[in-house]
Amino acid sequence: MIEISEPLAAAGLWIGLSLFLIWILGLRVTQIRINLNIGTGHGHNPRLERAIRAHGNATEYVPGLLVGLLVVALLGYSPIWIHTLGGTLFFARLLHAHGIQDLSRPLPPTRVAGNALTWIVTLIMCGMLIAPFTIRLMP
């Protein structure tokens, strides 16, 4: 049996939850399409258009960040870091998905907060992935 490190197990949790969120967002698009009888595109329906964007935006950001999270775990960072990054990313994408589908206002605060948290996680993860290699290059 393969022994799985704590950082890798932590990453697995957030990867699984994030993939499940993407699946839920895709399922929501399908349900709205069925209810509105719209096979392709958004049929100029704002609700469907926003659901498509919620799913699309998640598929644009999340996969790359999950790869980053996996590499951070493989580099041996503490499970606390993995849980902090993975949990914040998951929470950010929930906020964003909720906000982008909110038709009551043009730019809901949850959408802005979700986007900002996603970018913060991205920048922190970039630093964590780049730093070990730049330190090794220094004399």
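Along the sequence shown, residues carry numbers from 1.
- You'll find the side chain of Arg93 reaches within 4.5 Å of the side chain of Val62, heavy atoms only.
- Between Phe90 and Trp14, the ring-plane angle classifies as tilted under the 30° and 60° cut-offs.
- Counted within 6.0 Å of CG on Asn37, heavy atoms from surrounding residues, nucleotides or ligands total 12 or fewer; the atom is thus considered open.
- Taking the side chain as every heavy atom from C-beta outward, Leu19 and Leu66 approach each other to under 4.5 Å.
- Contact record, Met128 with Leu75: O-CD1, 4.4 Å, taken as the closest heavy-atom pair.
- Residues Gln101 and Leu25 have side chains in contact (heavy-atom distance under 4.5 Å, counting atoms from C-beta outward).
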Next item on the list: Please step through side-chain contact (heavy atoms from CB on, under 4.5 Å) for the pair Arg53 and His96, ending with a clear verdict.
Entry: CA-CA 10 Å; Arg53 283 311 311 140; His96 185 271; over 6 Å; no
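- Remark: Leu94 CG to Leu89 CG distance equals 9.5 Å, nearest 0.5 Å.
- Put simply, Ile100 and Leu103 are part of two different groups of oily side chains (I, L, V, M, F, W, Y) that touch within less than 4.5 Å, one to the next.
- Residues Pro46 and His44 approach most closely at CD-O, 3.5 Å, considering heavy atoms.
- Residues His42 and Ile52 approach most closely at CB-CD1, 3.9 Å, considering heavy atoms.
- Here the closest heavy-atom approach between residue Pro7 and residue Ala73 is recorded as O-CB, 3.4 Å.
- Scanning both residues, Pro132 and Gly127, for their nearest heavy atoms gives CD-O, 4.4 Å.
- Under the 4.5 Å side-chain heavy-atom criterion for grouping Ile, Leu, Val, Met, Phe, Trp and Tyr, Tyr77 is connected to Leu74 within one hydrophobic cluster.
- More than 12 heavy atoms of other residues, nucleotides or ligands shown are found within 6.0 angstrom of CD1 on Ile24.
- Hydrophobic clustering keeps Val67 apart from Trp119 (ILVMFWY residues linked when any side-chain heavy atoms are closer than 4.5 Å, directly or through intermediates).
- To the nearest 0.5 Å, atoms CD1 (Ile22) and CG (Leu27) are separated by 13.5 Å.
- Without hydrogens or angle criteria, Ser18 side chain to Ile15 main chain gives no donor-acceptor distance under 3.5 Å.
- Of the candidates Thr84, Leu69, Thr88, Thr88 is the only one forming a side-chain contact (heavy atoms from CB on, under 4.5 Å) with Val121.
- Ile32 has its side chain out of reach of Arg50: every pair of non-hydrogen atoms, C-beta onward, lies at least 4.5 Å apart.
- At least one side-chain heavy atom of Leu13 sits under 4.5 Å from a side-chain heavy atom of His83.
- Rounding to the nearest 0.5 angstrom, the gap separating the CG atom in Leu21 from the NE2 atom in His55 is 9.5 Å.
- Within the 4.5 Å cutoff, the side chain of Asp102 has no heavy atoms near those of the Arg111 side chain.
- No more than 12 heavy atoms of other residues, nucleotides or ligands shown are found within 6.0 angstrom of NE2 on His98.
- Counting only heavy atoms from C-beta outward, the side chains of Leu65 and Thr118 approach each other to under 4.5 Å.
- The minimum heavy-atom distance between Ala113 and Leu95, with the atom names listed, is CB-CD1, 4.2 Å.
- Each of Ile80 and Leu70 belongs to its own hydrophobic cluster when Ile, Leu, Val, Met, Phe, Trp and Tyr are linked at side-chain heavy-atom distances under 4.5 angstrom.
- Tracing side-chain contacts under 4.5 Å through hydrophobic residues (I, L, V, M, F, W, Y), one never reaches Tyr61 starting from Leu129; they form parts of separate clusters.
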